[in-house]
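Working notes, structure below.
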Amino acid sequence: MQEKLQALQQEALQKVTDAADLKALNDVRVAYLGKKGPITEVLRGMGSLSAEERPKLGALANEVRAAITAAIEEKHEALEEEAVNQQLALEKIDVTLPGAPVKKGNHHPLTKITEQLEDLFLGMGYTIAEGPEVEQDYYNFEALNLPKSHPARDMQDSFYITEEILMRTHTSPVQARTMEKHEGKGPVKIICPGKVYRRDNDDATHSHQFMQIEGLVVDENITMADLNGTLEVFAKKFFGEDREIRLRPSFFPFTEPSVEMDISCKICGGKGCSVCKGTGWIEILGGGMVHPNVLEMAGFDSSKYTGFAFGMGVERIAMLKYGIDDIRHFYTNDVRFTSQFHCHE
Ligand code: 2U9
């Protein structure tokens with residue numbers, strides 16, 4: 001019986017060693033240590049032994065059982081560790097792999113053009129001024145030499161909130177407010193970007209809301225030559241060094257004299273084509289010398305100070321720069337349009 005137990009132990013330990021997974025190991029446990037297993041069988045047959053031999057064999061059986069149990073526990077631990085390691089190997093994350101690509105957005109073309117224009121004028125020493133879109137009649141019209149009866153108000157029909165409050169029709173009230181803050185002391189050198197509103201019927205070239213950038217310089221000894229030089233630098237930097245500019249006489253209530261600026265047509269080089277309607281020139285902006293009435297109303301002595309101002313529509317500039325044929329594209333927010341402006345100049 002002793003030999004049988006020892007043989008059983010050897011056999012069981014070998015099977016424990018051979019068990020390839022937790023299931024096989026459990027089968028060994030059930031087979032050798034279970035109630036119907038061979039060790040229990042041996043113990044059951046102890047009745048036929050002498051009183052001397054019985055405890056010896058009992059002790060041996062317990063040793064065998066303990067040895068097999070210990071071997072199973074050890075193997076169990078090893079197999080579990082192996083299983084965890086296998087799982088870890090399977091779930092290993094390669095942190096050096098490139099991530100899923102994130103779709104990059106881009107700025108709206110009007111934002112881009114505005115920022116490009118801002119950069120250009122910041123480089124010439126201007127600062128940026130902003131003001132309210134819901135504006136008082138006084139700053140939008142009156143302070144700009146457009147009294148209530150002035151016929152030029154018709155050209156800038158607005159959305160009125162009350163008799164005295166309206167959606168601004170240009171960014172010029174920002175200049176008027178800034179001048180007022182200066183309390184009659186120069187220099188003032190600002191550009192004012194922002195959204196403006198006019199009661200207009202929308203079509204390919206008109207929109208009831210659009211963006212402007214206006215500039216204003218007020219100081220002693222400012223002349224038309226300063227305006228001319230500034231506009232020339234702007235035109236060449238923005239549209240290309242090969243562009244020529246020309247100033248034509250015009251009229252605005254807030255400037256005197258007033259001008260409109262054209263640049264030579266890039267498409268035909270000045271010969272005349274469909275883009276410039278055969279003239280060789282494309283209208284870009286308006287400007288002029290600040291009207292003495294405007295200077296005085298803002299608290300500046302017009303015998304000491306002079307100034308120039310100019311204004312442009314950002315949509316028009318963007319349309320010319322990118323060859324966009326309909327102003328409504330800017331406001332319908334179709335990503336097929338807005339996503340075409342990916343370059344970050
Ligand atoms: C102050 C004094 C003078 C701003 C000016 C223009 C000429 C002009 C238009 C261009 C196209 C507006 O977007 S547009 O329709 N602007 O032609 N703007 S002078 O003159 C000012 C402004 C403020 C205190």
Side-chain angles (χ1 to χ4, degrees), residues 110 113-114 117 121 126 129-131 135-136 138-146 150 152-158 167-182 184 186-200 205-219 222 224 226-228 230-231 234-235 245 247-263 282-300 302 305-320 327 330:
L110 291 178
I113 292 283
T114 304
L117 292 166
F121 283 102
Y126 288 71
E130 286 179 316
E135 186 52 281
Q136 295 171 33
Y138 175 78
Y139 289 111
N140 194 80
F141 288 132
E142 211 104 344
L144 294 157
N145 206 26
L146 278 148
H150 202 292
R153 280 198 179 201
D154 288 351
M155 291 194 308
Q156 296 191 17
D157 199 5
S158 176
M167 302 306 290
R168 69 182 181 194
T169 57
H170 45 186
T171 54
S172 312
V174 182
Q175 285 102 293
R177 283 170 176 275
T178 309
M179 280 169 78
E180 203 178 70
K181 277 200 204 111
H182 274 251
V188 179
K189 196 171 179 186
I190 52 168
I191 50 157
C192 308
K195 206 173 270 178
V196 302
Y197 304 82
R198 291 189 190 177
R199 232 200 67 163
D200 226 337
T205 52
H206 296 85
S207 172
H208 63 280
Q209 63 158 57
F210 62 101
M211 291 200 61
Q212 279 190 340
I213 283 202
E214 291 195 325
L216 172 75
V217 175
V218 177
D219 205 352
I222 297 291
M224 197 81 177
D226 297 310
L227 173 64
N228 189 69
T230 303
L231 295 183
F234 154 68
I245 69 160
L247 300 183
R248 286 179 286 107
S250 186
F251 170 79
F252 303 106
F254 25 82
T255 47
E256 183 58 40
S258 302
V259 294
E260 274 173 304
M261 184 190 84
D262 301 334
I263 56 164
I282 294 170
E283 188 187 320
I284 296 293
L285 52 76
M289 299 306 290
V290 179
H291 197 290
N293 289 356
V294 173
L295 290 168
E296 294 288 341
M297 264 187 286
F300 279 79
S302 63
Y305 283 103
T306 49
F308 69 76
F310 57 88
M312 64 190 106
V314 179
E315 285 80 353
R316 182 172 166 75
I317 302 285
M319 287 166 85
L320 288 169
I327 196 170
F330 293 114

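In listed order, ligands and their atoms are each counted from 1. One-based numbering along the sequence shown. None of the values given here were measured: they were computed from a predicted structure.
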Of Met297, Glu214, His291, which has the heavy atom at the shortest distance from atom 4 (C) of ligand 1?
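That would be Glu214.
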
Ring centres under 6.0 angstrom apart (Phe254, Phe141)
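Not under 6.0 Å, so no.
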
Do Phe121 and Phe234 have their ring centres less than 6.0 Å from each other?
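Yes, the ring centres sit under 6.0 Å apart.
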
Pair Arg177 + Glu135, salt bridge at N-O below 4.0 Å:
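Counted as a salt bridge, because a side-chain N and a carboxylate O are separated by less than 4.0 Å.
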
Between Glu283 and Arg248, does any side-chain N to carboxylate O distance fall below 4.0 Å?
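Salt bridge between Glu283 and Arg248, a charged N being under 4.0 Å from a carboxylate O: yes.
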
Does only the side chain of [X] get under 4.0 Å from ligand 1, or the backbone, or both, or neither? Count heavy atoms.
{"X": "Met312", "value": "backbone"}
{"X": "Val196", "value": "neither"}
{"X": "Leu285", "value": "neither"}

Shortest non-hydrogen contact from Phe252 toward Ser258:
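Here Phe252 and Ser258 meet closest at N-OG, 3.1 Å.
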
Is there a polar contact, in the sense of an N or O pair closer than 3.5 Å, between Gln212 and ligand 1?
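Between Gln212 and ligand 1, an N or O pair is found under 3.5 Å apart.
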
State whether the shortest distance between N or O atoms of Gln175 and N or O atoms of ligand 1 falls below 3.5 angstrom.
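In this structure, Gln175 places no N or O atom under 3.5 Å from an N or O of ligand 1.
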
Are any of the heavy atoms in Gly288 under 4.0 Å away from ligand 1?
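Distance cut 4.0 Å: Gly288 fails for ligand 1.
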
Just which atoms of ligand 1 are under 4.0 Å from any heavy atom in [X]?
{"X": "Gly313", "answer": "11 (C), 13 (O)"}
{"X": "Leu144", "answer": "1 (C), 23 (C), 24 (C)"}
{"X": "Gly287", "answer": "7 (C), 19 (S)"}
{"X": "Val294", "answer": "24 (C)"}
{"X": "Phe210", "answer": "13 (O)"}

What is the nearest protein non-hydrogen atom to [atom], stated with its residue, atom name and distance?
{"atom": "atom 3 (C) of ligand 1", "value": "Ala309 CB, 3.3 Å"}
{"atom": "atom 9 (C) of ligand 1", "value": "Gly311 O, 3.9 Å"}
{"atom": "atom 5 (C) of ligand 1", "value": "Phe254 CE1, 3.6 Å"}

Return yes when atom CZ of Arg199 has more than 12 non-hydrogen atoms of other residues, nucleotides or ligands closer than 6.0 Å, and no otherwise.
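Open.
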
Side chains of Asn145 and His291 in contact at under 4.5 Å (non-hydrogen atoms)
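Answer yes - side chains close enough.
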
So Ser207 and Glu315, do their side chains get closer than 4.5 Å, heavy atoms only?
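No, their side chains stay 4.5 Å or more apart.
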
Just by distance, do the side chain of Asn140 and the backbone of Thr169 share a donor-acceptor pair under 3.5 Å?
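Looks like yes, one N/O pair under 3.5 Å.
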
Restricting to side-chain hydrogen bond (donor to acceptor under 3.5 Å, both in side chains), what partner residues turn up for Ser172, sequence neighbours left out?
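By the side-chain hydrogen bond (donor to acceptor under 3.5 Å, both in side chains) rule, Ser172 matches His170, Glu214.
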
